[in-house]
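What follows is a set of notes on a single structure, which appears directly below.
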Amino acid sequence: MAEMSDSNLDKTTIIQQAIASCCGAIITSLFVTPLDVIKTRLQAQSNPFPKGKCFVYSNGLMDHICVCENGDSKAWYKKTGHFKGTLDAFVKIIQIEGIKSLWSGLPPTLIMALPTTVIYFTCYDQLSEALKSRLGKDDEHPFIPVLAGSLSRFGSVTVVSPLELIRTRMQYRKLSYKQLYTCVSSKVAIDGWFSLWRGWTSTVLRDVPFSAMYWYNYERFKKMMCKEAGAHEPTFFIAFTSGAASGSIAAVITLPFDVVKTHRQTELWESETLKIPQRDCTSTWAVMKKIVAKNGITGLFAGIIPRLFKVAPACAIMISTYECGKSFFSHLNEKMDQHP
């Protein structure tokens, strides 16, 4: 199985891997975003968002901090609705507002999410192949997916983190590009270049361990299921099941860091938008201790069910469509080699 997987990778170019990951990212966001839109609408119904309030918006690819717009009652998350639950909200939004409302707020987030996903998946495959060719493809090296997954996620988070911060600032202040440049320049002049990576630490502490565990388990589950099925390469079902299982395991183990990341980032943005003085203790460990002191150890695992409902399908859809895309290009390249 390992040999077949490696040969398939040899047959796909970096451009083809980027196209496959981009298609997978779009399909994933189309399936997963409606779940988060409904969750946000239900939250806003029970506890309306005031001006400057922050909430997390997920399109299945990335979590984005959204700041409630100043006095804009037409914003998608402020629309009135009398929903009795998730299914009722799903039906009523389609009937009253139209099916497009299920993807409210998606286009601006894809500007960040698509490049991040393409960088992440393409780098993972390229790093895996480089490590395998260096260490020898005949041997089993379980740390290869761990190392490749960690480095690719670390790189993608580092590249996109300042861009996401700029996107959020642009969204809530409604700045022109000239005003944005002035705003960023003054911020850098006062606080230094590292201020553009605000919130980076909590993101890395969640995403890098998640990625390491995800790829390690995914590669193991994929090989095991291929061996059981007698398949030379992963089918859609094998990739989908392996992705869902590995994503669920990683999501549960890294949940405390997800809780801390959400807490820190919403607190950071609300301190800026609502002019709330920021507390001195804003390190990841300080926030973690504060959550445990207030809610006990279970506070670090708050929202485990909603996170699993979000992460498991997102991981399953993304990896299965990505593997199908690579398989398509692999067979296409094979045909072109046979008929030049």
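All values derive from a computational prediction rather than experimental measurement.
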Could you please spell out the steps behind the salt bridge (Lys or Arg N to Asp or Glu O under 4.0 Å) verdict for Glu97 and Arg41?
-> CA-CA 13 Å; Glu97 301 170 23; Arg41 292 289 295 274; 2.7 Å; yes
Check step by step if salt bridge (Lys or Arg N to Asp or Glu O under 4.0 Å) holds for Lys261 and Asp207.
-> CA-CA 10 Å; Lys261 174 187 175 290; Asp207 287 5; over 6 Å; no
Report the C-alpha distance between Thr235 and Met225 in whole Å, list the side-chain angles of each, state the deciding distance to 0.1 Å, and finish with yes or no for side chain to side chain contact (heavy atoms under 4.5 Å, CB included).
-> CA-CA 10 Å; Thr235 61; Met225 291 182 74; over 6 Å; no
Would you check, one step at a time, whether the test side chain to side chain contact (heavy atoms under 4.5 Å, CB included) holds for Ser101 with Ser104?
-> CA-CA 5 Å; Ser101 291; Ser104 300; 4.1 Å; yes
Please lay out, stage by stage, how Lys310 and Leu35 fare under the test side chain to side chain contact (heavy atoms under 4.5 Å, CB included).
-> CA-CA 8 Å; Lys310 177 178 71 176; Leu35 300 174; over 6 Å; no
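Taking each heavy atom of Ile319 and Gly243 in turn, the nearest pair found is CG2-CA, 3.7 Å. In terms of heavy-atom proximity, Ala239 sits nearest to Ser320 at CB-CA, 3.7 Å. For the pair Ile238 and Pro234, the tightest heavy-atom approach, listed with the atom from each and the gap, is CG2-CB, 4.1 Å. Among all heavy-atom pairs drawn from His82 and Lys92, the shortest one is O-NZ, 2.7 Å. The shortest heavy-atom contact between Ser29 and Leu110 is OG-CD2, 3.9 Å. Nearest heavy-atom pair, Ala251 versus Leu308, reported as atom, atom and distance to 0.1 Å: CB-CD2, 4.3 Å.
Under a hydrophobic-cluster definition in which Ile, Leu, Val, Met, Phe, Trp and Tyr are linked whenever side-chain heavy atoms come within less than 4.5 Å, directly or via other members, Val37 and Ile96 are assigned to different clusters. Side-chain heavy atoms closer than 4.5 Å link hydrophobic residues (I, L, V, M, F, W, Y) into clusters, and following such links, even through other members, never connects Ile305 to Leu87. Grouping the Ile, Leu, Val, Met, Phe, Trp and Tyr side chains by contacts below 4.5 angstrom, directly or via other members, places Ile19 with Met336. Side-chain heavy atoms closer than 4.5 Å link hydrophobic residues (I, L, V, M, F, W, Y) into clusters, and following such links, possibly through other members, connects Val287 to Leu300. Hydrophobic clustering places Val160 together with Ile111 (ILVMFWY residues linked when any side-chain heavy atoms are closer than 4.5 Å, directly or through intermediates).
One distance of note links CZ of Arg307 with OG of Ser248; it measures 10.0 Å at 0.5 Å rounding. Atom CH2 of residue Trp197 and atom OG1 of residue Thr201 lie 12.5 Å apart, to the nearest 0.5 angstrom. Atoms CG and CE, from Leu114 and Met62 in turn, are 10.5 Å apart once rounded to the nearest 0.5 Å. Distance check, rounded to the nearest 0.5 Å: CZ of Phe210 to CG of Leu205 gives 15.0 Å. Distance CD/Gln16 to OG1/Thr122: 11.5 Å, rounded to 0.5 Å. Note: Thr33 OG1 to Leu106 CG = 4.5 Å, rounded to the nearest 0.5 Å.
In this structure, the side chains of Thr86 and Leu42 come closer than 4.5 Å at one or more pairs of heavy atoms. Considering only heavy atoms from C-beta on, Ile249 comes within 4.5 Å of Phe221 through its side chain. Residues Thr13 and Gln17 are not in side-chain contact: their nearest non-hydrogen atoms beyond the backbone lie 4.5 Å or more apart. The side-chain heavy atoms of His232 and Cys226, taken from C-beta on, include no pair separated by under 4.5 Å. Ile291 has its side chain within reach of Val260: a pair of non-hydrogen atoms, C-beta onward, lies under 4.5 Å apart. His64 has its side chain out of reach of Val56: every pair of non-hydrogen atoms, C-beta onward, lies at least 4.5 Å apart. At least one side-chain heavy atom of Thr40 sits less than 4.5 Å from a side-chain heavy atom of Phe55. Within the 4.5 Å cutoff, side-chain heavy atoms of Cys315 are placed close to those of Tyr214.
Salt bridge annotation for Lys222-Glu219: present, with a cationic side-chain nitrogen under 4.0 angstrom from a carboxylate oxygen.
Taking the side-chain contact (heavy atoms from CB on, under 4.5 Å) definition, one finds that Val146 meets it with Ser150, Ala212, Tyr216, sequence neighbours left out. Scored by the salt bridge (Lys or Arg N to Asp or Glu O under 4.0 Å) test, Arg206 finds Asp63, Asp258 as partners (sequence neighbours excluded). Phe236 meets the ring-ring contact (aromatic ring centres under 6.0 Å, His included) test with Phe240; sequence neighbours excluded. Taking Leu102 as the reference, Pro34, Ile38, Phe90, Ile93, Ile94, Ile99 meet the side-chain contact (heavy atoms from CB on, under 4.5 Å) condition, with sequence neighbours excluded. With sequence neighbours left out, Thr117 forms a side-chain hydrogen bond (donor to acceptor under 3.5 Å, both in side chains) with no residue at all. In terms of the ring-ring contact (aromatic ring centres under 6.0 Å, His included) criterion, residue partners of Phe121 (sequence neighbours excluded) are, by chain and number, Trp215, Tyr322.
A donor-acceptor contact shorter than 3.5 Å is absent between the side chain of Ser330 and the backbone of Lys326. In this structure a side-chain-to-backbone donor-acceptor pair under 3.5 Å is missing from Ser161 to Thr158. A donor-acceptor contact shorter than 3.5 Å links the side chain of Thr321 to the backbone of Met318.
A cation-pi arrangement, defined by a distance under 6.0 Å to the six-membered ring centre and an angle within 45 degrees of its axis, is present between Arg153 and Tyr120.
For Phe154 and Trp200, the gap between ring centers is short of 6.0 Å.
Residue Phe83 places its CZ atom among more than 12 non-hydrogen atoms of other residues, nucleotides or ligands, all under 6.0 Å distant.
Asp36 and Ser58 share no side-chain donor-acceptor pair at under 3.5 Å. Counted by atom type alone, Ser211 and Tyr124 present zero donor-acceptor pairs between their side chains at under 3.5 Å.
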